[in-house]
Amino acid sequence: MTEHPGGRPADDVIQPFQIEGPGLRGRLVRLGPAIDTVLKRHDYAPPVAALLAETLALAVALSAALKYDGIFTLQIKGDGPVPMIVADVTSGGALRGYAEVTGDLPPDPEILAAPVPRLVGAGHLAFTVDQGEHSERYQGIVELAGTSLAECVHHYFRQSEQFGAAMRLTAGRNSAGLWRAGAMMLQRLPDHEPIIVREERDESWRRAVILMDSVTGEELLDRDLAPADLLFRLFHEDGVRIFNQQELTFGCRCSRARAARILGSLPRAEIETLFVDGRITVTCQFCNTTEAFDPDEIAALYDA
């Protein structure tokens, strides 16, 4: 078990595990400072922040179930007041995300009853695995169907041949006002056994999902509850094997050089219309960092 100095369980981690009896794989995701950093880069209303936090936890859990070297992106698009939510995770464990808010939000009680329909509206959930220009992108898309993000992803699991899985998701603020998020995912391995064995595996799967569903939101978010202790409490009767944790961190890939390349790719006539008070500013949607360019710097982009 990875610990910080002082003996506390590690935070911002993916904890892989396996339930030995039925041979099920799983991932426990716990996000603390990294998710708080993402959310506090913007002034989101609490229901929007909570949905983005769940989206990031979901993206981390899904990405951890794949073998890839690049960027895993989860995108939710709809026709509601929050028409887009994006979260991405690199294979190195750097995560970032943002939510686009374009309309007035309904009252909180309406949002809490059905966050996805009330905030995102009708739309779809998509994920993309990008391993660079020399590899083919993999993308999965499914219609948003459910009141919560967990219900929507279970609809995706039912439609997917790649993910035979179940998921628990939660997000919230602790007593200090810091945002936290958590996820637990169980994944079935492909069935190639005789019918009797498959029936036994089905029963083991149902039992494991029931045990996972007994996890409370407080347990998933508890900074002081070690992932290994939580997993042992749930699955010790079947035997649970804990593997090495992967650490996560907030990491945005924006830079001044990238902003300059974007501006330099625009037609010169269009660039001239972007000056405000003698400069052009470019703001990163993810981390909310702004880069400003004066006329000489813009001219140099075209003279190079």
Closest non-hydrogen atom pair, [X] against [Y]:
X: V29; Y: L31; value: CG1-CG, 4.0 Å
X: Y302; Y: L266; value: OH-O, 2.6 Å
X: L58; Y: L169; value: N-CD2, 3.8 Å
X: N288; Y: R41; value: ND2-O, 3.1 Å
X: C287; Y: F250; value: CB-CZ, 3.9 Å
X: L144; Y: C152; value: CD2-SG, 3.9 Å

Any side-chain heavy-atom pair from [X] and [Y] closer than 4.5 angstrom?
X: P115; Y: L149; answer: no
X: T170; Y: L221; answer: yes
X: R118; Y: P109; answer: no
X: V86; Y: L74; answer: no
X: P33; Y: D12; answer: yes
X: P81; Y: T102; answer: no
X: E20; Y: V240; answer: no
X: I76; Y: H124; answer: no

Inter-residue atom distance [X].[atom1] - [Y].[atom2], 0.5 Å rounding:
X: F157; Y: L186; atom1: CZ; atom2: CG; value: 10.0 Å
X: L274; Y: I280; atom1: CG; atom2: CD1; value: 5.0 Å
X: E291; Y: S255; atom1: CD; atom2: OG; value: 7.5 Å
X: D36; Y: D11; atom1: CG; atom2: CG; value: 10.5 Å
X: F293; Y: R279; atom1: CZ; atom2: CZ; value: 11.0 Å
X: I35; Y: L39; atom1: CD1; atom2: CG; value: 5.0 Å

Check: What about F243 and F17, are their ring centers closer than 6.0 Å?
Finding: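 So the answer is no for these two rings.
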Output yes when a side-chain donor or acceptor of [X] lies under 3.5 Å from a complementary backbone atom of [Y], and no otherwise.
X: E297; Y: D294; answer: yes
X: D79; Y: A122; answer: yes
X: R30; Y: D222; answer: yes
X: E219; Y: T216; answer: yes
X: H154; Y: M167; answer: yes
X: E151; Y: T147; answer: yes
X: R256; Y: A292; answer: yes
X: D130; Y: I71; answer: no
X: R27; Y: Q15; answer: no

Margin query: Given I14, which partner from the list N244, L28, V89, V60 fulfils the side chain to side chain contact (heavy atoms under 4.5 Å, CB included) test?
Written below: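 Output: one option passes, namely V60.
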[atom1]/[X]: more than 12 non-hydrogen atoms of other groups inside 6.0 Å:
X: R206; atom1: CZ; value: yes
X: R233; atom1: CZ; value: yes
X: D277; atom1: CG; value: no

Applying a strict under-4.5 Å side-chain criterion to I, L, V, M, F, W and Y, I'd like to know whether [X] and [Y] cluster together.
X: I19; Y: V215; answer: yes
X: V120; Y: I141; answer: no
X: L230; Y: M185; answer: no
X: I242; Y: M212; answer: yes
X: L95; Y: M84; answer: yes

Next item on the list: In sequence, state the C-alpha distance, the side-chain angles, and the governing distance for R253 and D88, and then conclude on salt bridge (Lys or Arg N to Asp or Glu O under 4.0 Å).
Entry: CA-CA 11 Å; R253 297 186 298 280; D88 68 39; 3.1 Å; yes
Next item on the list: Take H155 and L125 through the test side-chain contact (heavy atoms from CB on, under 4.5 Å) and record every step on the way to the result.
Entry: CA-CA 10 Å; H155 176 67; L125 178 152; over 6 Å; no
Next item on the list: For F286, enumerate each residue passing the ring pair (Phe, Tyr, Trp, His ring centres under 6.0 Å) test, keeping only those at least two apart in sequence or located in another chain.
Entry: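 Checked F286 against ring pair (Phe, Tyr, Trp, His ring centres under 6.0 Å); matches are Y98.
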Note to self: Determine whether T289 and C252 satisfy the following criterion, side-chain contact (heavy atoms from CB on, under 4.5 Å), listing intermediate values before the conclusion.
What the structure shows: CA-CA 10 Å; T289 298; C252 193; over 6 Å; no
Run the side-chain donor-acceptor check on residues 43-57: report pairs under 3.5 Å with partners two or more places apart or on a different chain.
{"unit_1": "Y44", "atom_1": "OH", "unit_2": "A99", "atom_2": "N", "d": "2.9"}
{"unit_1": "T55", "atom_1": "OG1", "unit_2": "L51", "atom_2": "O", "d": "2.8"}

Checklist line | Trace of the salt bridge (Lys or Arg N to Asp or Glu O under 4.0 Å) decision for D202 with R207 | finding: CA-CA 9 Å; D202 288 345; R207 181 173 180 273; over 6 Å; no
Next item on the list: Give the ring-plane orientation class for Y156 versus F127, where under 30° counts as parallel, over 60° as perpendicular and anything between as tilted.
Entry: perpendicular
Note to self: Walk me through whether R168 and L220 qualify under side-chain contact (heavy atoms from CB on, under 4.5 Å).
What the structure shows: CA-CA 9 Å; R168 287 276 285 118; L220 281 177; 4.2 Å; yes
Next item on the list: Check the pair R268 / E272 against salt bridge (Lys or Arg N to Asp or Glu O under 4.0 Å), numbers first and verdict last.
Entry: CA-CA 6 Å; R268 188 70 176 264; E272 297 300 330; 3.5 Å; yes
Check: H236 and L231: side-chain contact (heavy atoms from CB on, under 4.5 Å), yes or no, with the steps?
Finding: CA-CA 8 Å; H236 66 276; L231 293 170; over 6 Å; no
Note to self: The test is salt bridge (Lys or Arg N to Asp or Glu O under 4.0 Å); show your working for R180 and E218 and say whether it passes.
What the structure shows: CA-CA 10 Å; R180 299 187 61 78; E218 289 77 12; over 6 Å; no
Item checked: Polar contact flag, side-chain donor to acceptor under 3.5 angstrom, T73-T128 -> no
